[in-house]
Q: 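Can you read through this structure? Questions will come right after.
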Number of protein chains: 2
Amino acid sequence: MDLPVTIKDVARRAKVAVSTASSALNGKPYVSEKTRLKVIKAAAELDYYPHLVARSLARGQTKDLGIINPIPIEAVFSSKFFLQLIKGMHDAAFKNSYTLSLYIVNNEEEAITQIRSIVKGRSADGLIITNPTIKTSYLMELKKCSFPFVLVGRPPEDEREICYVDSDNVMVSYMALRYLIKLGHTRVAFVTGPNKFTFCIDRLRGYKLALEEAGISYDENLVLECDLSEIDTYCTVSRALNGKIKFSAIFATSEIQTIGTIKAIKDKGLDIPADIVVGGVDFSLTYLQPITVTVDLHPYDLGYLAAEMLIKNINNENSRKTKILVPADLIVGDSIPVYNGKN
Amino acid sequence: MDLPVTIKDVARRAKVAVSTASSALNGKPYVSEKTRLKVIKAAAELDYYPHLVARSLARGQTKDLGIINPIPIEAVFSSKFFLQLIKGMHDAAFKNSYTLSLYIVNNEEEAITQIRSIVKGRSADGLIITNPTIKTSYLMELKKCSFPFVLVGRPPEDEREICYVDSDNVMVSYMALRYLIKLGHTRVAFVTGPNKFTFCIDRLRGYKLALEEAGISYDENLVLECDLSEIDTYCTVSRALNGKIKFSAIFATSEIQTIGTIKAIKDKGLDIPADIVVGGVDFSLTYLQPITVTVDLHPYDLGYLAAEMLIKNINNENSRKTKILVPADLIVGDSIPVYNGKN
DNA sequence: CTGTTAGCGCCTTCAA
DNA sequence: TTGAAGGCGCTAACAG
């Protein structure tokens with residue numbers, strides 16, 4: 001490692017005081033152009049670069065955002081989704097001269113420990129919590145000490161004043177369902193996850209809304225609730241296909257669930273979309289398996305906006321806005337057979 | 001934010017000097033048990049937690065590892081692979097009390113800028129570079145200043161003394177090919193990426209090795225080189241399927257390429273595995289599309305070992321070991337038709 | 001406009 | 001075994 005060059009060296013070479021060098025380098029308006037030039041020249045000649053940790057200590061801010069994902073990373077609904085989310089955060093952070101630290105924990109317990117350590121150790125200026133669950137114990141922790149944080153995903157209703165960014169999940173399924181209904185489907189099965197996830201609650205609401213609007217009565221037998229795994233979805237959908245409840249289309253609320261659904265349909269010897277039309281959310285494998293409709297949640301935007309919002313909170317520039325909804329887009333597949341009433 | 005409690009407060013409450021409090025808290029052996037207890041008690045009562053940035057400055061180390069991915073994150077061979085890699089790094093880092101910072105850049109240019117900023121700003125103690133490309137300009141940067149770093153992926157041959165962790169890529173394809181050959185296939189197409197990636201070079205070597213061992217002559221027409229995208233793979237494989245070169249099995253060297261390959265086969269109206277047997281690497285969609293054989297690269301282990309190696313380098317505990325190969329595992333599908341000579 | 005002084009919070013010699 | 005003092009590198013308040 002080269003001998004580190006400090007601002008002292010720069011000051012000496014430019015023949016000014018350390019504080020002057022600092023002011024010059026940081027663009028303080030009161031520094032004369034002449035000295036500024038001298039300092040900048042000296043810094044360049046020495047290839048000076050500020051010691052970021054020292055700066056953090058002096059300024060009282062780390063310029064770092066922590067990301068905490070309180071569920072097992074394997075359980076993340078889609079790896080691609082998650083990576084895009086992070087990429088979005090990164091870009092917003094980078095643009096504002098922040099860095100990103102990643103804290104991977106497996107459950108709420110660990111999340112609390114981690115949060116406490118970050119908050120009290122002041123190793124980040126703010127926190128982004130992805131995949132928040134209903135267990136809000138760790139939110140308490142944060143609110144208690146008024147540490148800036150933003151959720152990606154809607155918190156439970158009773159959590160007021162919590163900043164979050166989320167898809168408009170009611171719209172997500174509403175749009176997809178409306179589309180399927182337009183194709184002629186009146187009996188659309190709805191594959192969703194546990195109601196402890198707010199996004200599942202919202203998407204079910206959208207599902208009902210679309211039915212209602214179309215004058216189709218809601219049949220709770222068509223709602224297939226399973227956990228968010230491929231295997232459980234597979235079993236549940238298989239059971240439904242073998243049951244007496246009939247449906248001509250099926251809509252799954254996550255990529256993982258869409259995969260499980262497709263598998264169940266195929267193993268039953270049915271064709272997609274001839275025998276049954278499939279809709280999904282956040283399904284990125286359309287190249288391998290086209291489906292009639294899917295919804296793009298724009299994870300990049302979710303991440304970008306979350307980081308941006310957090311940075312505003314940190315700088316107290318937030319206009320008391322506590323929620324941002326990112327509109328989702330309907331992605332319509334190539335071959336959309338209008339339902340002919342069979343099935 | 002609560003008023004931050006510093007070590008001064010702890011010292012005052014324990015009625016000792018600051019330095020004594022520090023020594024006690026950091027487990028220095030010369031502190032008497034009595035004072036240690038007093039200090040620990042005081043710290044607990046005040047809910048003291050050290051200011052990590054201040055500690056970093058004083059100790060001259062950040063306890064943070066930077067991760068740099070010098071290719072577009074969309075181009076990462078598999079999101080799942082990448083996430084598992086990160087998870088492995090995280091666990092190794094966490095175990096050793098390090099944190100992880102993620103730097104996402106889109107190309108080598110940006111990588112260089114980012115690296116310089118991290119190294120000179122001393123905002124990390126070491127760097128892990130994933131998906132290293134042949135362009136080694138940024139490696140120069142690092143070697144020049146002797147900053148600890150580790151690659152995930154083999155560097156070019158001429159780069160000696162560079163620490164890296166990688167799969168044994170020769171074995172990867174060797175194993176898979178040997179398996180396919182055992183099933184009776186003598187003409188196996190090999191879908192691979194540009195030769196500028198070391199892993200492609202190595203895997204081609206393994207392919208040849210397996211053929212050679214089985215006494216099958218190498219036919220370069222069976223090597224389908226395309227870029228690492230689904231679409232290019234699709235086109236290349238489609239062309240091959242329509243061409244006059246015949247093969248009964250096909251082996252693709254990444255998840256993305258496996259997807260493109262499968263798609264091409266299906267669009268041609270062929271059945272997998274009845275008409276053509278497919279092998280892949282790092283293919284995680286076997287649930288949706290079973291294939292005869294795939295290779296698990298154990299990305300978690302790759303990440304874990306890379307981070308561990310880096311930490312050892314940082315602490316000068318490395319026994320001059322510069323390379324770690326992680327053995328891959330063959331994953332054999334359920335239905336493995338022994339090739340009957342047709343096709 | 002520039003330089004002096006005083007921290008940021010912690011750790012580490014070095015005396016006592 | 002403890003404590004006083006100095007320093008990590010940078011920034012900010014205040015004189016001048």
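Chain identifiers are assigned alphabetically (A, B, ...) following the order of the sequence lines, protein sequences preceding nucleic acid strands; residue numbering begins at 1 within each chain. All values below were derived from every heavy atom in this structure, side-chain atoms included, with hydrogens, water molecules and symmetry-related copies excluded.
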Q: If the cut-off is 4.0 Å, is A/Tyr48 near the phosphate of D/dC10, judged by side-chain N/O to OP1 or OP2?
A: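 For A/Tyr48, the contact criterion (side-chain N or O under 4.0 Å from OP1 or OP2 of D/dC10) is met.
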Q: Using atom CZ of A/Arg122 as one end and atom C1' of C/dC8 as the other, report the distance to the nearest whole Å.
A: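 Whole-Å distance recorded here is 11 Å.
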Q: Measure CD/B/Gln61 against C1'/C/dT12 and give the value in whole Å, please.
A: 14 Å
Q: Given atom CG of B/Leu52 and atom P of C/dG9, what is their separation to the nearest angstrom?
A: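 B/Leu52 atom CG is separated from C/dG9 atom P by 14 Å.
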Q: Check the distance between D/dC8's C1' and A/Arg55's CZ and give it to me in whole angstrom.
A: 16 Å
Q: Going by side-chain contact (heavy atoms from CB on, under 4.5 Å), B/Asp125 matches just one of B/Leu310, B/Ile314, B/Ile311, B/Ile118. Which one?
A: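 That would be B/Ile314; it is the only one of B/Leu310, B/Ile314, B/Ile311, B/Ile118 passing the side-chain contact (heavy atoms from CB on, under 4.5 Å) with B/Asp125.
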Q: Rounded to whole Å, how long is the line connecting atom NE2 of B/His51 with atom P of C/dG7?
A: 17 Å
Q: Under a 4.0 Å heavy-atom cut-off, which of residues 8-28 of chain A touch DNA chain C?
A: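 By residue number: A/Val16, A/Ala17, A/Ser19, A/Thr20.
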Q: Can you tell me how far CG of B/Leu142 sits from CD1 of B/Ile68, rounded to the nearest 0.5 angstrom?
A: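 The CD1 atom of B/Ile68 sits 8.0 Å away from the CG atom of B/Leu142.
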Q: A/Lys63 NZ to D/dT11 C1': how many Å, rounded?
A: 15 Å
Q: What distance do B/Lys95 atom NZ and B/Ser97 atom OG have between them, rounded to the nearest 0.5 Å?
A: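 Rounded to the nearest 0.5 Å, the NZ-OG separation comes to 11.0 Å.
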Q: Quick one: A/Glu33 CD to C/dC1 C1', roughly how many Å, whole number?
A: 13 Å
Q: Does any N or O in the side chain of B/Lys120 come within less than 3.5 Å of the main-chain N or O of A/Asp47, such that one atom is a donor and the other an acceptor?
A: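 Pair found, side chain donor or acceptor close to backbone of A/Asp47.
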Q: Please lay out, stage by stage, how B/Ile115 and B/Phe147 fare under the test side-chain contact (heavy atoms from CB on, under 4.5 Å).
A: CA-CA 10 Å; B/Ile115 288 174; B/Phe147 191 81; over 6 Å; no
Q: Rounding to a whole Å, what distance do you find between B/Ile7:CD1 and D/dA5:P?
A: 17 Å
Q: Rounded to the nearest 0.5 Å, how far apart are OH of A/Tyr49 and OG1 of A/Thr6?
A: 16.0 Å
Q: Base, sugar-phosphate alone, or nothing: which one does A/Ser56 contact when heavy atoms must sit under 4.0 Å apart?
A: nothing
Q: Does D/dC8 have OP1 or OP2 sitting under 4.0 Å from an N or O in the side chain of A/Thr6?
A: no
Q: State the CG-CG distance between B/Leu100 and B/Asp64, to the nearest 0.5 angstrom.
A: 7.0 Å
Q: Please compare B/Val31 and B/Ala58 by the position of their nearest nucleotide in DNA chain D and report the one closer to 5'.
A: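 Its nearest nucleotide being more 5', the pick is B/Val31.
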